[in-house]
2 protein chains.
Amino acid sequence: MTTVNDKLLYLIAKLYYEQELTQQEIGDQLGLSRFKIQRLLTKAREQGIVRIELVPPTDKRCKHLEAELQRTFGLKGAVVVPGEYRSEQVLRKVLGLTAAELLPDLIDGKRNIGLGCGRTILEMLNHIDIDEPHAVTVVPLFGGMENIEPEFQVNALVQKLAAALGGEYRAIYAPVIAGSAEARATIVSDPMIKSVVDMWDCLDLAIVGIGHSIATYGSAFMRTISEKDKDDITNAEAAGDVCRQMFSITGEPCKLELNSRLIAMGLEQLKRVPLVVAIAGGKAKTRAILGALRGRYIKFLISDEATVRHVLALHQENAHILRA
Amino acid sequence: MTTVNDKLLYLIAKLYYEQELTQQEIGDQLGLSRFKIQRLLTKAREQGIVRIELVPPTDKRCKHLEAELQRTFGLKGAVVVPGEYRSEQVLRKVLGLTAAELLPDLIDGKRNIGLGCGRTILEMLNHIDIDEPHAVTVVPLFGGMENIEPEFQVNALVQKLAAALGGEYRAIYAPVIAGSAEARATIVSDPMIKSVVDMWDCLDLAIVGIGHSIATYGSAFMRTISEKDKDDITNAEAAGDVCRQMFSITGEPCKLELNSRLIAMGLEQLKRVPLVVAIAGGKAKTRAILGALRGRYIKFLISDEATVRHVLALHQENAHILRA
DNA sequence: ATATGTGATGCACAAATGTGCATGTCCGAC
DNA sequence: GTCGGACATGCACATTTGTGCATCACATAT
């Protein structure tokens with residue numbers, strides 16, 4: 001019964017996938033209806049008789065750029081995808097995929113993982129494919145925002161990563177920005193929230209995006225803050241942010257009143273994490289990435305060739321600022 | 001340039017084959033047209049980024065039946081596909097496929113290969129998949145018929161096998177039945193034909209079907225012969241044929257006037273070939289297969305469980321005929 | 001400047017594939 | 001027997017995919 005099927009399924013699969021006959025043609029040849037062939041093919045796929053494998057393109061990477069990044073900014077590592085991507089959408093997906101492929105190496109031996117949020121991070125989560133479960137705990141690196149789609153919610157992202165890794169996660173039930181410094185203090189001292197925030201001091205790994213201040217994160221974050229805050233940011237010449245913490249193109253943290261209300265992992269805290277992986281690319285983020293690198297906030301960068309070239313060029317170009 | 005594509009192709013392939021999005025959905029996500037996705041997918045397949053592999057069903061075989069066949073009829077080997085196939089069409093394809101898979105083992109070290117003709121043989125040829133070329137010479141085992149489709153022509157079949165194996169072939173330009181014994185003699189002594197016919201004495205391997213006389217080979221052969229010949233065959237109680245040579249259910253060659261006109265490898269000649277592989281199955285061929293086995297004309301049988309059970313049962317049942 | 005060719009692009013249409021459903025079939029329980 | 005359920009079958013229809021073609025962009029030769 002089943003053995004008949006085995007050979008038959010294999011035969012049909014061969015005719016369909018190897019000889020590229022249509023289901024109708026196979027049906028005619030075998031004296032079976034097209035529908036039957038269709039269902040048998042489905043069964044063949046289910047039973048694993050047909051195995052579709054995707055060969056990852058021989059990981060061509062821009063080793064020289066990676067080495068230069070490491071040298072120049074004291075990184076523990078870098079991965080630079082070759083080529084130039086004109087579409088932001090495509091680039092995000094490519095970087096997300098690349099990050100997902102690297103993830104097994106990155107999380108190896110890690111217990112507490114902090115996760116940022118953003119579209120590229122989400123793309124990464126969509127492509128994670130891990131065999132054995134890892135006993136990790138995933139925590140968000142900052143509070144949430146209510147005015148964005150559910151799938152971008154920090155808690156949804158940590159949940160997703162934990163699920164993909166087979167570990168646990170901690171959700172944060174605090175806003176990324178409190179109404180006042182006092183409100184922040186109150187919120188952060190709340191036991192449930194404190195237990196998450198306290199974990200920021202004992203992370204083994206943080207995975208973050210890099211925002212380019214004005215219009216960052218689909219500008220959802222920017223929509224959250226007041227006009228005065230925006231002016232502050234502009235005046236401070238913020239080049240970008242990591243974990244919502246702004247810094248200038250030299251890597252100096254921006255002194256903003258906003259900071260006192262932020263419920264987010266701090267830059268100095270971040271520097272103490274053994275491994276901070278940033279995923280970021282795109283011409284618009286050039287200044288932001290450069291700032292993050294100069295500030296030594298990140299220790300591993302996943303980006304693309306065109307962007308990295310821009311970053312390195314910009315670094316050469318206005319290196320005098322640093323000396324000044 | 002190409003490197004951009006590599007990652008992108010892989011990404012698209014992943015979305016399509018792993019996440020099972022439609023081409024349209026992928027296009028929307030990436031901001032590319034459906035057509036572009038379509039073409040990139042084609043390219044991904046061409047470049048081997050998508051690899052579709054067919055896992056042959058764990059070669060479940062009826063070892064016990066194979067052993068019994070070997071023991072009972074002194075075969076060098078047998079392969080019995082499990083199950084019962086109600087459709088002749090399906091059975092032919094399954095047997096052809098099975099034979100094609102066995103072929104590499106069967107031809108190993110062989111130089112001169114004789115090939116019969118028939119629908120199952122053709123199916124086998126359709127599935128041959130060999131890596132390195134074999135230095136073989138393929139010859140037909142009997143003459144041709146003009147009243148059948150071109151793809152069933154003996155010369156087409158030997159050509160096809162030779163092509164699949166990467167070897168050479170000899171075509172025969174003689175009819176399977178001459179008009180008279182004298183005509184046969186003349187034809188066979190023609191140098192070009194003789195050189196092929198002479199090879200029947202130095203074959204290392206023959207691959208044949210088994211016909212069940214009346215209505216054999218889509219009855220094309222039967223349409224070729226006269227009414228008197230048919231009566232002769234009926235009177236001689238022919239059970240089947242190999243290479244057009246008729247025999248009874250006991251395996252005795254039929255003494256027919258027709259034989260004197262046949263341009264086909266003889267049964268005694270066949271017995272001298274080190275390895276004769278027959279591919280045959282189906283209830284209707286029970287008697288024919290039994291006759292071929294009893295006559296020891298074949299040394300290797302590829303068939304199916306249901307048929308073999310019938311054959312063995314029939315053998316037990318009328319074994320007394322042999323003793324008589 | 002003007003031809004010329006090569007390749008990318010998207011469209012209309014054709015072909016192939018997938019799916020919910022009504023019907024039919026088989027088989028065991030009662 | 002007959003009832004009920006699980007499952008197979010084929011159909012109409014919806015979705016998805018594939019393809020020939022006209023168009024356009026761009027580069028190279030004339």
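Values below: every heavy atom of this structure, side chains too, minus hydrogens, waters and symmetry copies. Every chain is numbered from 1 and lettered A, B, ... according to where its sequence line falls, protein lines coming before strand lines.
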- Query: Between the side chains of A/N126 and A/K160, does any donor sit under 3.5 Å from an acceptor?
  - Reply: yes
Check this one for me: any side-chain N or O of [X] less than 4.0 Å away from OP1 or OP2 of [N]?
X     : N      : result
A/Q38 : C/dT17 : no
A/S33 : D/dG10 : yes
B/Y16 : D/dT17 : yes

Can you tell me the distance, in whole Å, between the [atom1] atom of [X] and the [atom2] atom of [N]?
X     : N      : atom1 : atom2 : result
B/I37 : D/dG18 : CD1   : P     : 12 Å
A/K43 : D/dT9  : NZ    : C1'   : 13 Å
A/D28 : D/dG10 : CG    : C1'   : 15 Å
B/E25 : D/dT17 : CD    : C1'   : 13 Å
A/I26 : C/dT17 : CD1   : C1'   : 12 Å
B/R34 : C/dA14 : CZ    : P     : 15 Å
B/K36 : C/dC11 : NZ    : P     : 14 Å
A/E20 : C/dA15 : CD    : P     : 18 Å

- Query: Between the side-chain atoms of B/R39 and the base atoms of C/dG10, is any donor-acceptor pair under 3.5 Å?
  - Reply: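 Donor-acceptor pair under 3.5 Å: yes.
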- Could you give me the CA-CA distance, side-chain angles and deciding distance for B/R51 and A/I52, then say whether side chain to side chain contact (heavy atoms under 4.5 Å, CB included) is met? CA-CA 6 Å; B/R51 191 172 293 170; A/I52 297 180; over 6 Å; no
- Message: At 4.0 Å (heavy atoms only), tell me whether A/Q23 reaches a base, stays on the sugar-phosphate, or touches nothing.
- Response: sugar-phosphate
- Message: What's the closest nucleotide to the side chain of B/R45 if the choices are C/dT9, D/dG18, D/dC13?
- Response: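 Ranking C/dT9, D/dG18, D/dC13 by closest atom to the B/R45 side chain puts D/dG18 first.
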- CG-CD1 distance between B/L161 and B/I128, expressed to the nearest 0.5 angstrom: 5.0 Å
- Message: Pick the closest DNA chain C nucleotide for B/F35 and for A/Q24 by heavy atoms, then say which residue is nearer the 5' end.
- Response: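 Nearer the 5' end of the strand: B/F35.
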- Donor-acceptor contact below 3.5 Å, side chain B/E151 vs main chain B/A156: no
- Item | Qualifying residue, where the test is side-chain contact (heavy atoms from CB on, under 4.5 Å) with A/M124 and the options are A/I207, A/I302, A/L95 |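 That would be A/I207.
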